[in-house]
A.B. asks: 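So that we are looking at the same thing, I have put the structure below in structure tokens.
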Amino acid sequence: MNTDRIRGMYDILPDEIGWWRLAEQAMIDTARRFNYREIRFPIVEYTELFARGMGEATDVVGKEMYTFTDRKERSLSLRPEGTASVVRAYLNQGWHTQAPFQKLFYIGPMFRYEKPQKGRCRQFHQFGIEALGSLDPSLDAEVISFAWSMMDQLGIGGLWLRLNSIGCSEDRERFRAVLHAHFSRSIAHMCADCNRRLDENPMRILDCKEPQCQPFIDTAPGSADHLCPECALHFAHVRSLLDLLGLGYEIDSRLVRGIDYYTRTVFELMSKDLGSQDTLLGGGRYDGLVETFGGPSIPGLGFAGGFERLVIILQERANAKLTETSLDLFLATLGEAGRRYAFSLAQRLRRDGFSVDIDHRNRALRKQLTLANALHARHLLVIGDDEARAARGKIKQMDSGEELEISLEADTIADVLRKGG
RNA sequence: GGGAGCGUAGCGCAGCUGGUUAGCGCACCAGGUUGUGGUCCUGGGGGUCGCGGGUUCGAGUCCCGUCGCUCCUCCCA
């Protein structure tokens, strides 16, 4: 039997799960403070949902999806992101007619077929929020502020925000034409990818890192200079609200992002502790997406971030400390009567809410104590046949070594455990 | 899609210009102490040296191939 993991998919082990809980808890708590409600949606959707939502020409749809056909020959895909599913659920529930304004968040695994490396896996985990139903710049600012607040709660520093506006769909069309004209003049000197992008999606050329392309990208017009008056005003409002909240950002007119549904505000929160995968979280507006899926014209925006990257930062910066797990009581046993007595005592105390563990391997007493130590048990009770018969024994506080003779009734023990903190 | 590095016990590693039964630390198990922990001592279990082929009297070591992992580039979470 082959016990290898699937490439790019990892076990999250008990020793590291604390960092994940910490990150998830920060997400859940920030969502509570900002009043975003949790939604969970399937891991598999019709392929078309992602293809139409994210855009056929995007890298994700073009070459990174886990796509397969089911037994009825329908094309399904493992979700590569959450936004399309949230919008699908939104329409599915009829929220566009009954409750068009929604603030939602989600946590869960996503799948993209890419070469794995630090901070990039084939099964990775995202936290994300989506706010639908308002075009107001205050919602843009809130979404960005949400991201900062969450990082703040985790004590993560060394972050900066790249911000841009790529305008409404008309602006995008005009901007594409402007870029096409700009790059057409120099395309012969540019890399193969950019030659392909010129007609496919000239905005993506701005993302190119090839040295030979840089001079032409540096002189390219920025998207923020080609906004219609309405979009320009919207962008100015977003910036002024971020200023009001004291949130830092840098305008980056080259930031275009890799998914087609974005309009107007786009942003990425970057970390200098992540190496080459330095985007911790990214998002933006998608004012046309609901309509693309056949719904009414309802705007929305959101972001998604990577838990793996968050965990890397948490571990490496170690600003946060994990609390060691501990046990209220360890029951060491001797003899059959002792074991039976302890077994039933454990049941009672666990029902009362205490964490209790017991030896299951019939090991020497000394080994049981070593185990109690390793488990950080706060109290120890040795129950042998004598204790079982007399229903009395000595409970020991592990750190001080102090022993107290008590009656071995569950209530009496519970009192001692409570007093012992 | 392109590039680089690395595969020896669960983990971290050593193993010289090829030369006996492949070692060390941690972890694990047992005993010292058959009813009281963290220390210490002793012992033990664990390896197709990633896999396949080649060279050789002899390969963990050299050669070729292959698979896997990691990282970089790209893109992004």
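If you're wondering where the values come from, they're calculated on a predicted model, not measured in any experiment. Naming convention: chains lettered A, B, ... in sequence-line order (proteins, then strands); numbering from 1 in each chain.
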A.B. asks: When rounded to the nearest Å, what value does the distance between P atoms of B:rC63 and B:rU55 take?
C.D. replies: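 After rounding to an integer number of Å, I get 16 Å for this pair.
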A.B. asks: Could you give the distance separating B:rC13 and B:rC29 at their C1' atoms, to the nearest angstrom?
C.D. replies: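 After rounding to an integer number of Å, I get 23 Å for this pair.
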A.B. asks: Does the plane of the ring in A:Y113 sit parallel, tilted or perpendicular to the ring in A:Y66? Use 30° and 60° as the thresholds.
C.D. replies: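 Geometry flag for A:Y66 against A:Y113: perpendicular rings.
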A.B. asks: Output the rounded distance in Å from CD1 (A:I6) to P (B:rG68).
C.D. replies: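 Rounded to whole Å, this separation is 12 Å.
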A.B. asks: Indicate, with a heavy-atom threshold strictly under 4.0 Å, whether A:K396 touches base, sugar-phosphate, or nothing.
C.D. replies: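 Answer is base: heavy atoms of A:K396 come under 4.0 Å of a base.
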A.B. asks: Apply side-chain contact (heavy atoms from CB on, under 4.5 Å) to A:Q102 and A:R37, showing your working.
C.D. replies: CA-CA 8 Å; A:Q102 289 286 339; A:R37 300 187 303 154; 2.9 Å; yes
A.B. asks: Atom NE2 of A:H376 and atom C1' of B:rG37: how far apart are they, to the nearest Å?
C.D. replies: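 To the nearest whole Å, that distance equals 12 Å.
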A.B. asks: Pairs in or reaching into residues 324-373 of chain A: which pass ring-ring contact (aromatic ring centres under 6.0 Å, His included), with residues at least two apart or in two chains?
C.D. replies: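 Of all non-adjacent pairs touching residues 324-373 of chain A, none passes ring-ring contact (aromatic ring centres under 6.0 Å, His included).
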A.B. asks: A:K367 NZ to B:rU34 P: how many Å, rounded?
C.D. replies: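 Distance, rounded to whole Å: 12 Å.
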A.B. asks: What pairs with A:Y249 under ring pair (Phe, Tyr, Trp, His ring centres under 6.0 Å), at least two apart in sequence or on another chain?
C.D. replies: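 Partners of A:Y249 by the ring pair (Phe, Tyr, Trp, His ring centres under 6.0 Å) criterion come out as none, since no residue qualifies.
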A.B. asks: Could you identify the nucleotide paired to B:rU36, looking across every strand shown and requiring Watson-Crick or G-U wobble geometry with both distances under 3.5 Å?
C.D. replies: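 Base partner found: none.
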A.B. asks: Pick the P atom in B:rG58 and in B:rG53, then give their distance to the nearest Å.
C.D. replies: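 About 15 Å, rounded to a whole number of Å.
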A.B. asks: Suppose the criterion is side chain to side chain donor-acceptor pair (under 3.5 Å): which pairs have a residue in residues 138-149 of chain A, not counting sequence neighbours?
C.D. replies: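 Of all non-adjacent pairs touching residues 138-149 of chain A, those that pass side chain to side chain donor-acceptor pair (under 3.5 Å) are A:Y36-A:E142, A:K103-A:E142, A:D136-A:S138, A:D140-A:T265, A:D140-A:R285.
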A.B. asks: B:rC57 and B:rG1: how far apart are their P atoms, nearest whole angstrom?
C.D. replies: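 It comes out at 44 Å once rounded to the nearest Å.
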A.B. asks: Report, as a single string ordered 5' to 3', how protein heavy atoms within less than 4.0 Å touch nucleotides 38-46 of chain B: B base, S sugar-phosphate only, - not at all.
C.D. replies: B--------
A.B. asks: Considering only the P atoms, how many Å lie between B:rU61 and B:rC16, rounded to the nearest integer?
C.D. replies: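 Those two atoms are separated by 11 Å.
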A.B. asks: Output the rounded distance in Å from CG (A:N362) to P (B:rU34).
C.D. replies: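 Atom-to-atom, A:N362 to B:rU34, this comes out as 16 Å.
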A.B. asks: What distance, rounded to whole Å, do you find between the two P atoms, one in B:rC49 and one in B:rC11?
C.D. replies: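 About 16 Å, rounded to a whole number of Å.
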A.B. asks: Going by modelled atom types, is there a donor-acceptor pair between the base of B:rG35 and the side chain of A:Q368 at under 3.5 Å?
C.D. replies: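 Such a pair does not exist between side chain and base.
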A.B. asks: Could you tell me which residues satisfy salt bridge (charged side-chain N to carboxylate O under 4.0 Å, His left out) with A:D252, sequence neighbours excluded, listed by chain and number?
C.D. replies: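 Salt bridge (charged side-chain N to carboxylate O under 4.0 Å, His left out) check on A:D252 returns A:R162.
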A.B. asks: Starting at atom CG of A:D4, determine the distance to atom C1' of B:rC69, rounded to an integer number of angstrom.
C.D. replies: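 Atom CG in A:D4 sits about 10 Å away from atom C1' in B:rC69.
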A.B. asks: Assess the residue pair A:E130 and A:Y286 against the criterion (side-chain contact (heavy atoms from CB on, under 4.5 Å)); give the C-alpha distance rounded to whole Å, side-chain angles, the decisive distance to 0.1 Å, and a yes or no.
C.D. replies: CA-CA 10 Å; A:E130 311 291 348; A:Y286 42 85; 2.5 Å; yes
A.B. asks: Roughly, in whole Å, what's the span from CG in A:D11 to C1' in B:rC69?
C.D. replies: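 Whole-Å distance recorded here is 15 Å.
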A.B. asks: List for me each residue that meets ring pair (Phe, Tyr, Trp, His ring centres under 6.0 Å) alongside A:F183, sequence neighbours excluded, and say none if there are none.
C.D. replies: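 Once residues adjacent in sequence are excluded, A:F183 has no partner under the ring pair (Phe, Tyr, Trp, His ring centres under 6.0 Å) criterion.
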A.B. asks: Strictly under 4.0 angstrom, non-hydrogen atoms only: write out the protein contact profile of nucleotides 70-77 of chain B, one letter per nucleotide from the 5' end, B, S or -.
C.D. replies: SSSBBBBB
A.B. asks: Give me the distance, rounded to whole Å, that separates B:rC26 from B:rU21 when you measure between the P atoms they each carry.
C.D. replies: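 Straight-line distance between the two P atoms is 28 Å.
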A.B. asks: How do A:D386 and A:R361 order along RNA chain B: which one's closest nucleotide is nearer the 5' end?
C.D. replies: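 Of the two residues, A:R361 wins.
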A.B. asks: What is the distance from CD of A:E16 to P of B:rC11, rounded to the nearest Å?
C.D. replies: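 My rounded result for the distance is 14 Å.
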A.B. asks: Sticking with atom P, work out how far B:rA77 lies from B:rG25, rounded to a whole angstrom.
C.D. replies: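 After rounding to an integer number of Å, I get 48 Å for this pair.
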A.B. asks: Could you work out, with salt bridge (charged side-chain N to carboxylate O under 4.0 Å, His left out) as the rule, every residue matching A:R120, not counting sequence neighbours?
C.D. replies: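 For A:R120 the salt bridge (charged side-chain N to carboxylate O under 4.0 Å, His left out) partners, ignoring immediate neighbours, are A:E114.
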A.B. asks: Let's test this: given Watson-Crick or G-U wobble pairing with both distances under 3.5 Å, identify the partner of B:rG1.
C.D. replies: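 Answer to the pairing question: B:rU73, which forms a Watson-Crick or G-U pair with B:rG1.
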A.B. asks: Go ahead and name the base partner of B:rA30; Watson-Crick or wobble counts if both distances stay under 3.5 Å, otherwise write none.
C.D. replies: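 For B:rA30, the partner nucleotide comes out as B:rU42, under the 3.5 Å rule.
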A.B. asks: Between B:rC11 atom C1' and A:L13 atom CG, what is the distance in whole Å?
C.D. replies: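 Computing the A:L13:CG to B:rC11:C1' distance gives 12 Å.
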A.B. asks: What does B:rG7 pair with, Watson-Crick or G-U, if both distances are under 3.5 Å?
C.D. replies: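 B:rG7 is paired with B:rC67.
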A.B. asks: By the side chain to side chain donor-acceptor pair (under 3.5 Å) test, which pairs, at least two apart or in different chains, include something from residues 343-355 of chain A?
C.D. replies: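 The answer is A:D328-A:S355, A:R348-A:D411.
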A.B. asks: Heavy atoms only, 4.0 Å cut-off, all strands: where does A:E387 land among base, sugar-phosphate and nothing?
C.D. replies: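 Base contact - A:E387 has a heavy atom under 4.0 Å of at least one base atom.
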A.B. asks: Walk me through it: do A:R112 and A:E81 pass the test side-chain contact (heavy atoms from CB on, under 4.5 Å)?
C.D. replies: CA-CA 9 Å; A:R112 292 185 197 174; A:E81 61 127 33; 3.9 Å; yes
